[in-house]
Student: 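Would you mind keeping the following structure in view while I ask a few things?
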There are 2 protein chains.
Amino acid sequence: MPMMNLDFLSNDYQEKKTKAQKIEEEIKIEILSGRLRTGQRIVEQDLCDKYGISRTPIREILRRIESEGLIETIPNRGAFVKGFTEQNIDDFYVMKSALEVQCIRWAIERITDDELDMLQQTFEFMEFYTMSDDLEKMLRINNGFDTIIYRACHNREMEKTLHRYNFYLKYAASSSRYPANYLTTVLEEHRAIFHAFMTRNPEAGAEAAEIHMLKTMIRRK
Amino acid sequence: MPMMNLDFLSNDYQEKKTKAQKIEEEIKIEILSGRLRTGQRIVEQDLCDKYGISRTPIREILRRIESEGLIETIPNRGAFVKGFTEQNIDDFYVMKSALEVQCIRWAIERITDDELDMLQQTFEFMEFYTMSDDLEKMLRINNGFDTIIYRACHNREMEKTLHRYNFYLKYAASSSRYPANYLTTVLEEHRAIFHAFMTRNPEAGAEAAEIHMLKTMIRRK
DNA sequence: TATAAGTGGATTGTATACAATTTAATTTAT
DNA sequence: ATAAATTAAATTGTATACAATCCACTTATA
């Protein structure tokens, strides 16, 4: 079994988390998962009671979520959930796809030797977990594979944006049911991308990424 | 001279604007334009004095700007400007380019007859302002042209994101000096895009958009 | 002198109070 | 009985007060 530091695989992109950041994430997941329904009004006091803090920090959290676009604030009327519909889940897949294709193209041109090394080790993990049929570990290592590529693009906005879209889609479009040969299928799609990195062929990478995204979108139908 | 309703050309994407939103925009422009320098600490009380409101709304504004990524907040230490460097201005051009190419591809497939009509009228304005050598009006009608296309993509996240990148680049990368034949050059680049719409040829549109973005990036060097 | 510990001022984080506005409930008028 | 007008309650917007934390400076100690 391959050896490496797996710290970067930790579920969350962010390093440290304050209390407010945890509450913010909880509220966002409530929205994305649909427990707070689209159009529903959010009353500040309710959140205060639920999380045991006063309105001031709750309002600051809401302003952040508002800026992210997950709620809409109407002056003097309050905050309203802008949840995800099937339609705009597709919108986000389109956005993710457009960016990811370009991200991979650039990452292949810019990746450092160290990063390529990490990518190789990570892919070996993917092969290992596919063989041992370990779905949960495979999902985590998949994230790690993506994380390395996003970083190798060396474009901070690209990195942040793709992580954000993944967060959205994880909670808004997670299916929890996987087809029979899911592991091997995904592994082979990733192998094409990985191969493009090893041969430093940006166009092959972009094409593989596009195919991978298309198949992902089809799979969830 | 062509006739049409030019309301949608109004400088700002947003409809209504509260006092807080105006202050928020002012602060963002201060950051983007470089008047607030990268790394500089933002003291809340200073903003209170400057804009004549108390800390509570100022902090809510800062939380929005923070979520957008223009400042970084370190717990108990305050907010620090994350201004734009030459490097990450390019990062945003890359992002904009990747999205705009895909946006145009989709817009050509999805544009309604009404929208196509508007696009045609707008392009006729562009021809008119190029002939009459009116730079200022040309810049505004350019925005209108883009706005129609962004909307015709019928992907709200795409629309919002591209408007946001344009806002960033407008203030962070505006050159204010234009080459001699700027108007005719830009008109011809747009003509290629417009032609792709009229012939409903997504690939031609994507290619024209890519060329347009590349030339735009080169022009500012 | 150099380093550590402590002190005061400044700044941020949170709670609360009050004003402005909206929402609902009730009354009044037709 | 229905619609308009009025009032009361609930909710949001803003200011202020206080607590917690950080930062620079002073003082104490080796």
Side-chain angles (χ1 to χ4, degrees), chain A residues 12-32 35-83, chain B residues 12-32 35-83:
Chain A
D12 302 302
Y13 172 60
Q14 282 262 356
E15 319 74 30
K16 58 196 170 189
K17 279 228 180 77
T18 66
K19 215 172 305 173
Q21 281 174 318
K22 290 208 107 189
I23 295 174
E24 179 181 341
E25 189 170 309
E26 273 193 64
I27 296 174
K28 286 200 282 197
I29 292 174
E30 293 271 310
I31 295 171
L32 291 168
R35 282 191 289 278
L36 287 174
R37 257 177 266 138
T38 300
Q40 187 174 333
R41 181 178 183 180
I42 295 174
V43 176
E44 294 168 3
Q45 191 58 50
D46 294 349
L47 296 179
C48 296
D49 298 342
K50 181 165 183 183
Y51 296 107
I53 55 177
S54 76
R55 279 181 59 219
T56 309
I58 283 289
R59 281 176 65 89
E60 295 191 2
I61 289 169
L62 289 178
R63 293 299 84 80
R64 272 195 288 253
I65 298 178
E66 177 194 0
S67 176
E68 216 176 302
L70 259 38
I71 62 174
E72 184 182 4
T73 305
I74 302 176
N76 291 314
R77 304 251 337 253
F80 297 83
V81 177
K82 292 208 319 198
Chain B
D12 303 302
Y13 172 59
Q14 283 261 355
E15 320 74 29
K16 58 196 171 189
K17 280 229 180 81
T18 67
K19 216 172 304 172
Q21 281 175 318
K22 292 208 105 189
I23 295 173
E24 179 181 342
E25 190 171 308
E26 273 193 65
I27 296 174
K28 286 200 281 196
I29 292 175
E30 293 269 311
I31 295 171
L32 291 167
R35 282 192 289 278
L36 287 173
R37 257 177 265 137
T38 299
Q40 187 174 334
R41 181 177 183 181
I42 295 175
V43 176
E44 293 167 4
Q45 191 57 51
D46 294 349
L47 296 179
C48 297
D49 299 341
K50 181 166 183 181
Y51 296 106
I53 55 178
S54 76
R55 278 180 60 218
T56 310
I58 283 288
R59 280 177 65 89
E60 295 191 2
I61 289 169
L62 289 178
R63 292 298 84 80
R64 271 195 288 254
I65 299 179
E66 177 195 0
S67 175
E68 216 177 301
L70 258 39
I71 61 174
E72 183 183 4
T73 304
I74 301 175
N76 292 312
R77 304 250 338 251
F80 297 83
V81 176
K82 291 207 322 196

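Only a predicted model underlies this, so the values are computations on that prediction, with no experimental measurement involved. Letters A, B, ... are given to chains in the order of the sequence lines, protein chains preceding strands, and every chain is numbered from 1.
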Student: Rounded to the nearest 0.5 Å, what's the gap from NZ on Lys50(B) to CD1 on Ile23(B)? Could you check?
Tutor: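 Going from NZ on Lys50(B) over to CD1 on Ile23(B), the span is 10.5 Å.
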Student: For the pair made of CD in Glu72(B) and P in dT12(C), what is the distance, rounded to whole Å?
Tutor: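 Result: 15 Å.
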Student: With Lys28(A), which residues qualify under salt bridge (charged side-chain N to carboxylate O under 4.0 Å, His left out), at least two apart?
Tutor: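 Lys28(A) satisfies salt bridge (charged side-chain N to carboxylate O under 4.0 Å, His left out) with Glu24(A), Glu68(A) only.
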Student: I'd like to know if Glu66(B) pairs up with Arg63(B) as an ion pair, taking the criterion as any Lys NZ or Arg NE/NH1/NH2 lying under 4.0 Å from an Asp or Glu carboxylate oxygen.
Tutor: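 Here Glu66(B) pairs with Arg63(B) in a salt bridge, since their nearest N and O are under 4.0 Å apart.
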Student: If the helix axis at each end comes from five base pairs, how far does the helix from dT1(C)-dA30(D) to dT30(C)-dA1(D) deviate from straight, to 10°?
Tutor: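 So the angle between the two local helix axes works out to 10°.
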Student: Check this for me: does any side-chain nitrogen of one of Lys82(B) and Glu72(B) sit under 4.0 Å from a carboxylate oxygen of the other?
Tutor: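 No, this pair does not count.
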Student: In Å and rounded to the nearest 0.5 Å, what is the CG to CZ distance from Leu62(B) to Arg64(A)?
Tutor: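 So the CG of Leu62(B) and the CZ of Arg64(A) are separated by 11.0 Å.
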Student: Please tabulate, for side-chain N and O atoms in residues 51-58 of chain B, each donor-acceptor pair with protein atoms closer than 3.5 Å (sequence neighbours left out).
Tutor:
| residue | atom | partner | partner atom | Å |
| --- | --- | --- | --- | --- |
| Arg55(B) | NE | Glu44(B) | OE1 | 2.9 |
| Arg55(B) | NH2 | Glu44(B) | OE1 | 3.1 |

Student: Could you pull out all residues at least two apart from Glu30(B) that satisfy side-chain hydrogen bond (donor to acceptor under 3.5 Å, both in side chains)?
Tutor: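 So Glu30(B) forms a side-chain hydrogen bond (donor to acceptor under 3.5 Å, both in side chains) with Arg35(B).
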Student: Can you tell me how far CD1 of Ile65(B) sits from CD1 of Ile31(B), rounded to the nearest 0.5 angstrom?
Tutor: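 Spacing of CD1 (Ile31(B)) from CD1 (Ile65(B)) equals 5.0 Å.
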Student: Tell me, for nucleotides 10-17 of chain D in 5' to 3' order, what letter each nucleotide earns: B for a base near a protein heavy atom under 4.0 Å, S for only sugar-phosphate near one, - for neither?
Tutor: -SBBBBBB
